[in-house]
Every structure is written in C-alpha cells, then in structure tokens.
There are 2 protein chains.
Amino acid sequence: MSISPDTKDRILSTARELFHSRSYADVGIKEICTLARVQKGSFYHFFPSKQDLAMAVIDDMSDDWAHGFVAEAFDEALPPTERLDYMVDAVYYWQKAAKNVEGRMPGCLFGNLALEVSTRDEVIRARLNAVFAKASARFHETLDQAVENGSIPPLDTEATATAMLAYLEGVILLAKTRNDPEVVRILGPGIKTIRIELKPTN
Amino acid sequence: MSISPDTKDRILSTARELFHSRSYADVGIKEICTLARVQKGSFYHFFPSKQDLAMAVIDDMSDDWAHGFVAEAFDEALPPTERLDYMVDAVYYWQKAAKNVEGRMPGCLFGNLALEVSTRDEVIRARLNAVFAKASARFHETLDQAVENGSIPPLDTEATATAMLAYLEGVILLAKTRNDPEVVRILGPGIKTIRIELKPTN
DNA sequence: TTGACTTGACCGACCGGTCTAATATACTTG
DNA sequence: CAAGTATATTAGACCGGTCGGTCAAGTCAA
C-alpha cells in the first residue's frame, strides 16, 4: 500500500467520530486503525499513546469549533442576545442532524470526555478545562458588551458566562439522556434568563 | 470462610463507590470483587451481568437520594425558593466532602453514567432517563407551588423544572472538569433565575 | 543513503463471563 | 431431637477475546 500523506488526519477524524459517538474507553486503537485504514505501527508512529490521541482530538475539534460555528455565533456584528440564540440553534441543528444519521444523540464531545476521564486523567482533564475556559470567555465578552450597550442590566458577567456554558452543557446532557434533540430547542432559550448578580464591592 | 448475609450489599456499595469515583468502563468486576471481599462466583450468583449491576447501582442510589437529601431539600414545609437553595447547598457540601476524601470531584453518578453509556446501552439510558424525570418532577412541584403562592410570576413550570435540573447537572459537570466544588457555590444561585415562558395558548 | 513512514506479527495483562466442586443453611422427615 | 436432603451461597480455576502497546523488518521519496 502506498504512503498517503493524510494518514494522521484520517486517524484523527476517525478517532474523533468514534470517541464522540461512543466513548473514550469503548473505542479501541485497533478499531480506529481499521476504520482509518491504517496499521497499528503507523498509528503509534504518529501518536505515542491513546492519551496523546485524545489530546490531539480535543485540540482538533476545539480548533474546528473556534473557526467554525462558534466564530459565527459570537460574531461581533450580531447583537449580543442574538449570539446566544445562534449558539443554541447551532447546537440543536447539529445534534438533530447527528441523531438522524446515527440514531443517537452524541452530545458534546468535550462534556462526554470530561465526565468520563477527568477523575482518572489529569492531563486530559486540564485540557478540557482549558477548552471550557475558552468557550466561557466568548460568553463573557458577549455579556460585557450587552451590559455596556445597556441591553441587559449590570451583573457578574464572568460568573454568568460560566453559568450559561454550564446550562448549555446540562441541556445537552439531558437531551442526550432522553435521546431527543427537541430538549435543546425547548430548554435552550432559558439560557438568556440566567443571571448571577454582582457581589457587593465593599 | 463463613457466609455473610450482606454479600450483595457489599458488592452494591463497592460498585457504587467505584463507578462514581471513576467510570463504568474503567471499573472491572474483578476489582469490585476484591474490594468487596467476594469471589467472582458469588458475584455472578447475585448479578447476571455487569449491566445488571449497573442497573442495581442506579436504583440503589436513586432510592437513597429519594429518601435522603432530596426528600429534605424538597420538604413541603420549606418555601419553594429555599428548596432550591437547599438543593444547591447539598450538592456543594457533598462534592466538597468527596473531594476532600478522594482528592477529586466525582460529580453526579447519574450524569457521569448518562454521558458515558447512553449511546451504547439503551437499557441503562432509559433507566437514567427515568431517574432524571423523577428529579425533574420534584422541581416541577416546587415551581407549581411557587407560582401558586405568588412568589414567582407564572411560567412554563414543567420546562423550567427540567431546565433547572439541566443547569444543576451542567454546573456539576463544569465543577468536576475544574475539579473545584467552589464552582457549585458560585454558580448555584443562578438556578433561581432560570425562566422558560409559557407558550401562548391560542 | 538517509529518514520518514508502513507492515503485521507479537506481547503480557486484563476483560466479562462460565463452570464445577465444595460448603453452609433451611427444610423436611422419622 | 437427629438425620437426611434440598437449596442458597461460596470458592477459585479457567475461558476466549480484547486491550494498549512494542518491535523488527520492510518500503518509499528525497
């Protein structure tokens, strides 16, 4: 078989799909290799361990997000409130599409991995935490702008931003457990009502 | 060795601890047996499979909750708003205590299992869904009473109840990823601000 | 010729689960 | 009560399969 320049990419995207639609522990390297049409030796040429693969998958998807629908959702041209709507809609349509293809709602890869491995693997946990921190920062900017232009009353924008991210993850968790993307559509709008008040600065 | 009448209970509580502090896939039956001081033959005498064990663990913990702090939190004697505070506080102190003992925040067993196995195991997924439905029902009652006694304006109590549960799970997810129970204390109060409006009944 | 990449056999450890034999308890009799 | 029997429980060796990971021998392009 000839050398294909995209071997690493094939491994990465295959692993990403499998980890997302099942779980970290449930997907073996052998299975990834088979689906990616790669031999084990090649795999370990590119990734020293399964843990390294997981890190690469996380980075890969995080980048895709940052340059994909997250960038669109948090477009500075959009009014702050609409950005939240956009985000919820994007999650809804994404999960719905995924369910139509696979029959099951995969949920959020980061959330899935976080709950599965963060008590066992400090390195992965830290990486996932960084991804969440970045996501939270986008909400934070949005809220700061909303407060600045007066569209919402002052509040603890940093805490509320994190709260909104938490809410989104929680909604996805429940929707996945119900295997019903409609949960996202119904509960999603609630994200705009979350408020954490400023701590009195005395 | 003598026959001990609580073999099944030992297996159950050991499995519960291990599943909670690690994950379903990461904990083997052999390890459970060793810690519970039980032989494999005995294990499979009481539980036909690992899946059955998981179901039993879920039921076990669900019952403990229902008769434990959930019953206290949703005590009808408490004003509805205080019940939400109680719930958040309980989660906070519980997670904090667990972290002090084990060094890591275990999060919510149900949430953990839901994200790990619900794409692979319909039976467990359905059971977890039922547990969430029961929890959501408690929030629902609470909100109905709050609306009834006028302490909050009318809203879609059913959807909001689910949204609150989602928020709680999301907060726990983020806290676990940060391995910091303080996240629960800081974001927790936000649960009372979540509102999902009634759909216009036309 | 070098070095990146591929091949696929191989490794020990562990997985969930099975099985037979032993043992303790409970139930039935005389 | 004693003896015998059925049943519940325990003991632990054993099974095929899979796990993450290794390795020596190639194959290719530069």
task: Apply side-chain contact (heavy atoms from CB on, under 4.5 Å) to A:Asn112 and B:Glu116, showing your working.
output: CA-CA 7 Å; A:Asn112 296 350; B:Glu116 183 183 358; over 6 Å; no
task: Specify the residue among A:Lys50 and B:Gln39 whose closest nucleotide of DNA chain D lies further upstream toward the 5′ end.
output: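 Whichever sits nearer the 5' end wins; that is B:Gln39.
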message: Evaluate A:Phe74 against A:Phe139 for ring pair (Phe, Tyr, Trp, His ring centres under 6.0 Å), listing each step before the verdict.
response: CA-CA 8 Å; A:Phe74 290 99; A:Phe139 283 104; 5.2 Å; yes
Take the protein atom [atom1] of [X] and the nucleotide atom [atom2] of [N], then report the distance between them rounded to whole Å.
X: A:Tyr44; N: D:dA25; atom1: OH; atom2: C1'; value: 20 Å
X: B:His45; N: C:dT25; atom1: NE2; atom2: P; value: 14 Å
X: A:Arg10; N: C:dT6; atom1: CZ; atom2: C1'; value: 11 Å
X: A:Lys40; N: D:dA25; atom1: NZ; atom2: C1'; value: 18 Å
X: A:Leu53; N: D:dC19; atom1: CG; atom2: P; value: 14 Å
X: B:Ile29; N: C:dT18; atom1: CD1; atom2: P; value: 10 Å
X: A:Phe47; N: D:dT22; atom1: CZ; atom2: P; value: 15 Å
X: A:Phe43; N: D:dC23; atom1: CZ; atom2: P; value: 17 Å

task: Would you mind checking if A:Asp89 and A:Arg185 are paired as a salt bridge, meaning a charged N to carboxylate O distance below 4.0 Å?
output: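 Judged by the 4.0 Å cut-off on N to carboxylate O distance, A:Arg185 and A:Asp89 do not form a salt bridge.
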Among [options], the one nearest [X] by side-chain distance:
X: B:Phe46; options: D:dG21, D:dT10, C:dG16; result: D:dT10
X: A:Lys30; options: D:dG21, C:dT6, D:dC19; result: D:dC19
X: A:Ser49; options: D:dG21, D:dA11, C:dG17; result: D:dG21

- prompt: Hey, does A:Gly28 reach any base, or is it just sugar-phosphate, or nothing, if we go heavy atoms under 4.0 Å?
  reply: sugar-phosphate
message: Quick check for you: to the nearest 0.5 Å, what is the distance between B:Ser13 atom OG and B:Met61 atom CE?
response: 11.5 Å
